[in-house]
Amino acid sequence: MENAQTQPREVNPRLNSASGGFSYSLLVVIYSLVSFAAGLIIGATKLDAKSDAYIYISYLIAPLIIAACVVTTLKLCKLNFKSVFPVKCGYKYYIIALLMVFGLIFSLSWVNEVSVEFFKLFGYEQRESASYFPELTGGYIVPAFLVIAVMPAFFEELMFRGVLLNCGIRGLGSVRVIFVTGFCFSLFHGSPEQTVYQFIAGCAFAFVAVRSGSILPSMLMHLINNALIVILQACGAFDAAGSLIISQGANIALTVCGALSLIGATVWLVLDKKPLVKCDKGGVIAFFKYASAGIAILTIMWFLLLFGVA
């Protein structure tokens with residue numbers, strides 16, 4: 001028997017994987033064009049890449065473009081707002097979200113370090129962690145918190161666990177949509193050193209969204225992840241490579257607690273009795289057909305960043 005909660009997805013035939021793939025390519029194309037234009041303007045004005053203005057502009061471009069892309073997708077595909085941004089869910093999913101994000105942050109910090117060491121074999125040069133942040137002392141942390149933590153968490157969740165996931169779940173199925181949105185989320189960020197971690201985090205956010213049937217728990221996870229990084233950076237808790245400056249014992253304790261938290265939350269979701277949605281015939285092909293332009297552009301950009309060309 002099909003789960004009653006999946007029926008609203010069937011109401012609008014446009015709520016399908018083709019619409020999800022289209023929205024992703026649309027996002028990437030617009031983002032690439034605006035980023036190119038912004039690069040020309042910044043180059044013409046000779047804006048210092050280390051200045052706060054440059055950093056803020058870099059962070060603001062993606063959320064604003066995502067907002068425009070979401071609105072455009074809803075209008076062009078004639079999608080109902082509630083169908084791609086469901087919010088109601090049980091309180092247990094917020095508990096799971098808190099456990100999972102704690103586990104992601106503190107048990108998988110080593111993933112980025114291993115990734116960096118691997119990519120260094122290909123000539124990759126890691127940026128200092130401080131270069132990702134504007135001034136964070138005193139009241140300056142407020143605008144930084146809004147732009148780096150709040151806006152990305154809100155708008156990226158609207159796109160990836162909202163439009164992309166809820167359009168794709170019918171055609172891709174519950175399991176595939178988790179990994180596909182995780183892949184698209186990771187690739188969009190275009191950071192070789194964070195690719196693996198962002199893929200895992202993207203899958204975790206999607207898993208919570210699929211099981212809860214709501215976008216809010218994953219939005220909370222994303223916000224906490226970003227906010228904690230900003231706060232720790234403001235407190236001077238990271239070294240130049242982005243690793244926490246703590247004792248070996250504290251690091252081991254955090255890693256173990258984080259791993260237990262992540263495993264516990266994952267098992268809790270796996271044992272959830274809510275039936276998974278099976279994929280429609282041809283849904284996977286339809287998604288990648290329409291998302292191929294976006295994936296191709298981002299893949300090229302990813303390799304350019306890896307080899308220091310971009």
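Residue numbers count from 1 along this sequence. None of these values were measured; they are calculated from a predicted model.
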(message) Would a single hydrophobic cluster contain both Phe36 and Ile61, if residues Ile, Leu, Val, Met, Phe, Trp and Tyr are joined by side-chain heavy-atom contacts under 4.5 Å?
(response) no
(message) Has Tyr56 got a side-chain atom pairing as donor or acceptor with Ala144's backbone, closer than 3.5 angstrom?
(response) yes
(message) To the closest 0.5 Å, what do you measure between OG (Ser131) and CD (Gln126)?
(response) 9.0 Å
(request) For side-chain contact (heavy atoms from CB on, under 4.5 Å), just list the numbers for Phe160 and Cys184, CA-CA rounded to whole Å, side-chain angles, deciding distance to a tenth of an Å, and then say yes or no. (result) CA-CA 8 Å; Phe160 291 99; Cys184 291; 4.2 Å; yes
(request) May I ask you to check whether Trp268 and Phe207 place their ring centers less than 6.0 Å from one another? (result) no
(message) Can you tell me how far apart NZ (Lys273) and CZ (Arg211) are? Round to the nearest 0.5 Å.
(response) 12.0 Å
(request) Would you kindly say whether Asp272 and Tyr93 are connected by a side-chain donor-acceptor distance under 3.5 Å? (result) yes
(request) Could you tell me whether Lys92 atom NZ has more than 12 heavy atoms of other residues or ligands within 6.0 Å of it? (result) yes
(request) Mark yes or no for whether Asp280, through its side chain, and Gly283, through its backbone, hold a donor-acceptor pair below 3.5 Å. (result) no
(message) Against Leu232, only a single residue in Ile229, Leu228, Val230 fulfils side-chain contact (heavy atoms from CB on, under 4.5 Å); can you say which?
(response) Leu228
(message) Tell me which one of Leu298, Ile300, Ile297, Ile65 satisfies side-chain contact (heavy atoms from CB on, under 4.5 Å) with Ser32.
(response) Ile297
(message) Let me confirm one number: the CE-CG distance from Met151 to Leu60, rounded to the nearest 0.5 Å.
(response) 5.0 Å
(message) Check the orientation of His189 and Phe185. Use parallel for under 30°, tilted for 30 to 60°, and perpendicular for over 60°.
(response) perpendicular
(request) Would you name the heavy atoms of Thr73 and Ser23 that are closest together and state the gap between them? (result) OG1-CB, 3.4 Å
(request) Answer yes if Leu98 and Val87 sit in the same cluster of Ile, Leu, Val, Met, Phe, Trp and Tyr residues linked by side chain heavy atoms under 4.5 Å apart, and no otherwise. (result) yes
(request) Can you sort out the partners of Ala68 under side-chain contact (heavy atoms from CB on, under 4.5 Å), two or more places apart, ordered by chain and number? (result) none
(message) Could you measure the distance from the CG atom of Leu276 to the NZ atom of Lys274? Nearest 0.5 Å is fine.
(response) 10.0 Å
(request) Give a yes-or-no answer on whether the side chains of Glu113 and Ser115 include a donor-acceptor pair shorter than 3.5 Å. (result) no
(request) Please step through side-chain contact (heavy atoms from CB on, under 4.5 Å) for the pair Ser17 and Arg170, ending with a clear verdict. (result) CA-CA 7 Å; Ser17 55; Arg170 249 181 62 195; over 6 Å; no
(request) First locate atom NZ of Lys278, then atom CD1 of Ile169, and finally report the distance between them rounded to the nearest 0.5 Å. (result) 14.0 Å
(request) For the residue pair Trp110 and Thr255, confirm or rule out a side-chain donor-acceptor distance under 3.5 Å. (result) no
(request) State, with a plain yes or no, whether a side-chain heavy atom of Phe22 is found less than 4.5 Å away from one of Cys167. (result) no
(message) Contact between Phe307 and Tyr124 at the side-chain level, heavy atoms closer than 4.5 Å - yes or no?
(response) no
(message) To the closest 0.5 Å, what do you measure between SG (Cys279) and CZ (Arg176)?
(response) 4.0 Å
(message) Restricting to non-hydrogen atoms, name the atom on Met219 and the atom on Leu158 that form the minimum distance, rounded to 0.1 Å.
(response) CE-CD2, 4.3 Å
(request) Could you tell me how the ring of Phe188 sits relative to the ring of Tyr31: parallel (under 30°), tilted (30 to 60°) or perpendicular (over 60°)? (result) tilted
(request) For Tyr197 and Ser109, indicate whether the former's side chain and the latter's backbone hold a donor-acceptor pair under 3.5 Å. (result) no
(request) Kindly give the heavy-atom pair with the smallest separation between Ser218 and Val208, and that separation in Å. (result) N-CG1, 4.4 Å
(request) Please report the C-alpha distance between Glu157 and Leu223 in whole Å, then the side-chain angles of each, then the deciding distance to 0.1 Å, and finally whether the side-chain contact (heavy atoms from CB on, under 4.5 Å) criterion is met. (result) CA-CA 10 Å; Glu157 288 309 303; Leu223 175 59; over 6 Å; no
(message) If I compare all heavy atoms of Ile148 with all of Pro134, which pair ends up nearest, and what's the gap?
(response) CD1-CD, 3.6 Å
(request) Return yes when atom OH of Tyr132 has more than 12 non-hydrogen atoms of other residues, nucleotides or ligands closer than 6.0 Å, and no otherwise. (result) yes
(message) Would you say that more than 12 heavy atoms from the other residues, nucleotides or ligands in this model lie under 6.0 Å from the OH of Tyr290, or not?
(response) no
(message) Could you report the tightest heavy-atom contact between Gly190 and Pro192, atom names first, then the distance?
(response) O-CD, 3.5 Å
(request) Check the surroundings of atom CD1 in Ile285: do more than 12 heavy atoms from other residues, nucleotides or ligands lie under 6.0 Å from it? (result) no
(request) Indicate, with yes or no, if Ile105 and Ile263 share a hydrophobic cluster defined by side-chain heavy-atom contacts under 4.5 Å among Ile, Leu, Val, Met, Phe, Trp and Tyr. (result) no
(message) Minimum heavy-atom separation for Ser292 and Ser25, please, with both atom names.
(response) N-OG, 4.0 Å
(message) Within the structure provided, determine whether Leu99 and Phe102 are in side-chain contact (heavy-atom separation under 4.5 Å).
(response) no
(request) Output, in order, the C-alpha distance, side-chain angles, deciding distance and verdict of side-chain contact (heavy atoms from CB on, under 4.5 Å) for Leu164 and Phe287. (result) CA-CA 10 Å; Leu164 205 61; Phe287 176 84; 3.8 Å; yes
(message) Check whether Ser186 reaches the backbone of Phe183 with its side chain - one donor and one acceptor, N or O, closer than 3.5 Å.
(response) no
(message) Taking OH in Tyr54 as the centre, count heavy atoms belonging to other residues, nucleotides or ligands within less than 6.0 Å. Is the count above 12?
(response) no
(message) For residues Leu33 and Val71: do they belong to one hydrophobic cluster (side chain heavy atoms under 4.5 Å, members Ile, Leu, Val, Met, Phe, Trp, Tyr)?
(response) no
(message) Do Phe85 and Asn166 have side chains that approach each other closer than 4.5 Å (heavy atoms only, starting at C-beta)?
(response) no
(message) Measuring only between side-chain heavy atoms, which start at C-beta, is Glu135 closer than 4.5 Å to Ile141?
(response) no
(request) Please tell me if the side chains of Asn226 and His222 come closer than 4.5 Å, counting only heavy atoms from C-beta onward. (result) yes
(message) Are Leu260 and Met100 linked, directly or through intermediate hydrophobic residues, by side-chain heavy-atom contacts shorter than 4.5 Å (ILVMFWY only)?
(response) no
(request) Could you tell me whether the side chain of Phe155 reaches within less than 4.5 Å of the side chain of Leu64, counting heavy atoms only? (result) no
(request) Give me the ring orientation class for Phe118 and Phe122: parallel if the planes are under 30° apart, tilted from 30 to 60°, perpendicular past 60°. (result) perpendicular
(request) For the pair Trp302 and Ser191, evaluate side chain to side chain donor-acceptor pair (under 3.5 Å) and give the outcome as yes or no after the intermediate values. (result) CA-CA 7 Å; Trp302 189 91; Ser191 174; over 6 Å; no
(message) Quick one, Leu244 and Phe238 - any side-chain contact, counting heavy atoms below 4.5 Å?
(response) yes
(request) Mind checking side-chain contact (heavy atoms from CB on, under 4.5 Å) for Ala206 and listing every partner two or more places apart, or none if nothing turns up? (result) Arg161, Leu165, Ile178, Thr181
